[in-house]
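The chains referred to below are lettered A, B, ... by the order of the sequence lines, with proteins before strands, and numbering in each begins at 1. Given the structure is predicted, the values throughout are model-derived calculations rather than measurements.
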Amino acid sequence: MELDSLYQEVILDHYRKPAHKALQPNPTNQVHHINPACGDEVTLNLHMDGQKIVDVSWDGVGCSISQASTSIMTDLMIGKDVDSAMKVLNEFTELMQSKGSLKGDEEILDDAVALAGVSKFPARIKCALLGWMAFKDAVSQSQSGN
Amino acid sequence: MELDSLYQEVILDHYRKPAHKALQPNPTNQVHHINPACGDEVTLNLHMDGQKIVDVSWDGVGCSISQASTSIMTDLMIGKDVDSAMKVLNEFTELMQSKGSLKGDEEILDDAVALAGVSKFPARIKCALLGWMAFKDAVSQSQSGN
Amino acid sequence: MFTSPLNGAEIRKDFPIFSKTMRGGGRLVYLDSGATSQKPNSVLDGERYFYENHNAAVHRGSHLLAEEANEAYEGARAIVAHFLGANLDEIIFTKSATEGLNLLAYSFGNSASTSRFALNPGDRIVLSEMEHHANLIPWQQLAKRCGAEIVWFPVDPDGRLDLSAMNDIISERTKIVALTHQSNVLGTINPLDQLISRTHEVGAVFVLDACQSAPHFAIDVKSLGPDFLVFSGHKALGPTGIGVLWGRAELLEEMEPFLTGGSMIESVTMTDATWASAPRKFEAGVPNMAGAVGLGIALQYLLNVGMNNVEAHEHALTQYALTKFADLERVRIIGPTDTKMRGSVLSFEIDGVHPHDAGQVLDQHGIAVRTGHHCAWPLMRKLGIVGTTRASFYIYNDEKDVDALIDGILATQKYFKV
Amino acid sequence: MFTSPLNGAEIRKDFPIFSKTMRGGGRLVYLDSGATSQKPNSVLDGERYFYENHNAAVHRGSHLLAEEANEAYEGARAIVAHFLGANLDEIIFTKSATEGLNLLAYSFGNSASTSRFALNPGDRIVLSEMEHHANLIPWQQLAKRCGAEIVWFPVDPDGRLDLSAMNDIISERTKIVALTHQSNVLGTINPLDQLISRTHEVGAVFVLDACQSAPHFAIDVKSLGPDFLVFSGHKALGPTGIGVLWGRAELLEEMEPFLTGGSMIESVTMTDATWASAPRKFEAGVPNMAGAVGLGIALQYLLNVGMNNVEAHEHALTQYALTKFADLERVRIIGPTDTKMRGSVLSFEIDGVHPHDAGQVLDQHGIAVRTGHHCAWPLMRKLGIVGTTRASFYIYNDEKDVDALIDGILATQKYFKV
Ligand SMILES: Cc1ncc(COP(=O)(O)O)c(C=O)c1O
Ligand SMILES: Cc1ncc(COP(=O)(O)O)c(C=O)c1O
């Protein structure tokens, strides 16, 4: 069923047990993002050490896709430096815009390839990107020093 | 030709030689009306003696229909008392709204029956009514004392 | 048991979209008429006929096409007037209910400070917690520009307006009361009589958002008694891009224009202009002529069906759905659970399933519902939820659509193992 | 002699209205495209296809129809962006050019006093004597609200802007310059280069009314250089009720919204709201989706014909008409009499015949022209006339239409014995 390409088991797992979903104190940067179309929200704390992403934690409300995607993203990003994090992020954004034509590189995206199916459901792409865009925003704030 | 029902000879005569088209001084009431759709304008001077319409004179710019209709109207109204003037006016308004179904009572409307054809051209009805509405306005002002 | 004067399946034959095949391979179960309605063939034919036979700019030409276009456009206005029990010159075509509400807010804001519509610091605009953003933000913005205050009726846990403090909320300082007739989230129909009489008692004007009512039951503005009313054509079987603002003639006469430009003037110089009378004063520019014509045909379609039949049909569907929902487990209706003073908009929550996910599974079964905050974010906050899943019914629905929805909900629960 | 890359008679086959029989029993000679254009079958088919297959509220639903509606609507935006050489997010759908200009005027008026768009007492808005009421009255009203001043370029006896005092008229006090690209009365095309550079020199914004240009020749906003541009879909083969506002991304970003309501927000409470980014910020409410889709198809039709061909065709028609008019007696062209910097709008006066009467006789011959002040009343006053008779050409016209017009004018003179 088409639906199963959207809701792969790994997504439902992340949805039921989201990783790093508890805001850690004293972040380098904190951002709050909203998806105005559906009301989903995410607050994200970023801890940096130089160019290294030491920790990403978050809280928020949203559908399985946005929750799972944010959870997967934190797992992927923690421990990376900014440059490689941005590479992963770009890879993921491209996957989301692929309208089902890409499968995603598991080497780079790990669990996030499970979200490939989202790209066939235009209305859900914003859900999948919510946490990632919040992360991008936090990193860019950390780089420009605010 | 359909056009001839609109432009009867008597209309073109009035257009070429409009009656009472020269504002007489010291009117009881003066009004200025505009047809915003086409820019036609009429200024009308009304001279009353009690309930009697002593004189109606006017100036303005407009198409043959508006000019002829105003000219015919002045011929009709001068010398009447307010009540019979309003009867003529109502008769004429009804004729204009008749969509070609009425011919007009020549006893009452005299030359104005030549305008019967206008009622088949919705865009021209306002032209034919411009002077008449100005007259109605002037009379009603004279009655309410402003 | 389901009985209704209308046969939804028969009515669907007039609506070409219902021959579409949906994602799951099945038929379209359209339960999103609260967002926008589908269009019957007669509306699509009528729009096309206008373009193929009478297309010209209204109010601006004297050639044959222009005369015919004018007749078609003004004919549509006459149908709208008849539909609402209003006078011809009280009907203003807008692009949407949203524009109609903004028109009022901007026009009031443009008023001279001595006008009855002027808002001065300390003056109040009364709204409610169940308003759609379209009947909320324009008033917020107006209030900010004028230094006025927004006050509002709270919504109680049953999804009804709490009117216990009505006389304090609508007070001598109130200039405008703007409320929805029926909530687009809860289905609640508000008790207008007391609200309108209180509004008039304090000398304020009453603005009715009839987006979710005018398409669904008969409205007679003269007996209902508001001062202004708006609705959107696209929710009433009409085309997109056309809406209606009705206002009392004597109020429209006093009001300042909103959009300015061609066809709404009496006279113009380089520095100044004077206005035509209503409705022209409020219809600047070449209007959505085909849209108006289509809306006229749509409302005529509804009148032919009979607004009382429309109401009875939706009532029957709602009754049927509420009974079925009562048997579902871990599914909660958001809004009144009986049909008293309630329309056919049905919001619900499925425990453990986010509305967006529920909507996705239903979509896979060909069922179109809306999910999210429904442009009523303050209401969501008040109810402590992020959003709902909403089914809304119209004339082309029938009890099989309700059955499909119920099955879809069960399938959703199964899919997400909740 | 008439040569053109396009064959009007062939093109007419795409436009169903041309099979209509007119008052006099003959064919339709449509010379009123300056008021509104006729629509090709592809536009009518496309609108209908949208309703029959994808109709749902955009930006608000996640079901299949809503996804498809969204794709269709945003696809139309992409075509408009391509048509103007603009970025996707710079295209705002309005209901008309009139709304677009009012949007700008109200948005500027809503700006904080520190904003670059704010008008303060003594600030100036620069217009011209040839503006359509739609590009005049909104600015008058804005000026009145803000205590700003309206100043303007006069029109010289040839129907050209008198730019001799340009640097005084566009001065350091100028905040906004709003001009038409092509006069809808005179056909004059204004020399934008110098006007736009002077505008930017003084730090003002340049608003271009492209109603009579965008449908008729290629425009690339990036190389042309204005800050904002509006046009109406219905004059560009598109449906009624849809228009376009283009604005530079960085300016749209800074601007306040105009209409407020659903789909233009980021977040909402009972007393406050924040905005989405452009274009959403400026598109409150359920938009005219079918209208946008139809406009996209219309512009694609024009692109397929080729805007350079459209321009060459109209140029040829104008050239041909001007030559023919030169042979007429007691007929005077109002506007430039050569084709240099002039479009295909042709106003004229027949000695001794009021425009309304001329239009009537032409109508009897199946010729649709517009008569009157053309929503440019100040220009009429300046030229000392009550109105003109106006013929305006488009792709579906050919030299036979011009011949018909000439014959019609001769018939008019004969009928009125002038
Ligand atoms: C130059 C010009 N500007 C503005 C407008 C207004 O366009 P609309 O009435 O479609 O808003 C028109 C057409 O009427 C026009 O010709
Ligand atoms: C109650 C209510 N008010 C206002 C609106 C706004 O209508 P539109 O978006 O058609 O302007 C809607 C629909 O979205 C609604 O349901």
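Of the inter-residue distances, the one linking C/Thr94 atom OG1 with D/Glu99 atom CD reads 10.5 Å to the nearest 0.5 angstrom. The distance from atom CD1 of C/Ile17 to atom CZ of D/Phe50, rounded to the nearest 0.5 Å, is 8.0 Å. If you take OG1 on D/Thr240 and CE on C/Met289, they are separated by 5.0 Å, rounding to the nearest 0.5 Å. Within the model, atoms CG of C/Asn110 and CZ of D/Arg145 stand 5.0 Å from one another, a figure rounded to the nearest 0.5 Å.
Residue contact with chain C, scored on non-hydrogen atoms closer than 4.5 Å, involves the backbone of D/Pro257 exclusively. Contacts between C/Leu101 and chain D at a heavy-atom distance below 4.5 Å are absent for every atom of the residue. Within the 4.5 angstrom heavy-atom criterion, only side-chain atoms of C/Tyr30, from C-beta onward, approach chain D. Using a 4.5 Å cut-off between heavy atoms, D/Glu47 touches chain C through its side chain atoms alone. Only the side chain of D/Ile265 comes within less than 4.5 Å of a heavy atom in chain C; its backbone stays farther off. When heavy atoms are compared at a cutoff of 4.5 Å, C/Glu149 does not approach chain D at all. At a 4.5 Å heavy-atom cutoff, the contact between C/Leu136 and chain D is made by side-chain atoms alone. With a threshold of 4.5 angstrom between heavy atoms, C/Ser267 approaches chain D through its backbone and through its side chain. Heavy atoms of D/Pro138 lying under 4.5 Å from chain C belong to its backbone as well as its side chain. In this structure, the portion of C/Arg381 lying under 4.5 Å from any heavy atom of chain D is its side chain and not its backbone. With a 4.5 Å cut-off on non-hydrogen atoms, C/Lys382 does not touch chain D at all.
Across all non-hydrogen atoms, the minimal contact from D/Ala35 to C/Ala57 is CB-CB, 3.9 Å. In terms of heavy-atom proximity, D/Pro378 sits nearest to C/Thr269 at CG-C, 3.8 Å. Looking at every heavy atom in both residues, D/Asn102 comes nearest to C/Thr260 through ND2-O, 2.9 Å.
When each of D/Gly285, D/Ala134, D/Ala376, D/Ala368 is checked for heavy-atom pairs under 4.5 Å with chain C, D/Ala368 comes out on top. Highest contact tally toward chain D, considering only C/Leu259, C/Leu28, C/Val369, is held by C/Leu259 [criterion: heavy-atom pairs under 4.5 Å]. Of the listed residues (C/Lys95, C/Met270, C/Glu52), the greatest number of heavy-atom pairs within a distance under 4.5 Å of chain D belongs to C/Met270. Listed options D/Lys39, D/His63, D/His373 were ranked by heavy-atom pairs under 4.5 angstrom with chain C; first place goes to D/His63. The most heavy-atom pairs under 4.5 Å with chain D, out of C/Gln141, C/His132, C/Gln38, C/His54, come from C/Gln38. Contact count versus chain D (heavy atoms, under 4.5 Å) is highest, among C/Val268, C/Asn53, C/Leu103, for C/Val268. For chain D, the option among C/Asn135, C/Ile242, C/Leu362, C/Asn41 with the highest count of heavy-atom pairs below 4.5 Å is C/Asn41. Heavy-atom pairs under 4.5 Å with chain C peak, among D/Ile137, D/Thr98, D/Thr36, at D/Ile137. Your options are C/Thr371, C/Ile150, C/Asp32, and the one with the most heavy-atom pairs under 4.5 Å with chain D is C/Asp32. The greatest number of non-hydrogen atom pairs below 4.5 Å with chain C, out of D/His374, D/Gln360, D/Glu68, D/Met264, is found for D/Glu68.
Within a 6.0 Å radius of CZ in D/Phe18, more than 12 heavy atoms belonging to other residues, nucleotides or ligands are found.
Residues D/Leu64 and C/Gln364 have side chains not in contact (no heavy-atom distance under 4.5 Å, counting atoms from C-beta outward). Looking only at side-chain heavy atoms (C-beta outward), D/Tyr51 and C/Val43 stay at 4.5 Å or farther from each other.
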Inset, instruction - Give the intermediate values and the outcome of side chain to side chain contact (heavy atoms under 4.5 Å, CB included) for residues C/Arg48 and D/Asp45. - result: CA-CA 9 Å; C/Arg48 185 160 197 141; D/Asp45 292 344; 2.8 Å; yes
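Taking the six-membered ring where tryptophan is involved, the planes of D/Phe258 and C/Tyr106 are tilted, since the angle between them lies from 30° to 60°.
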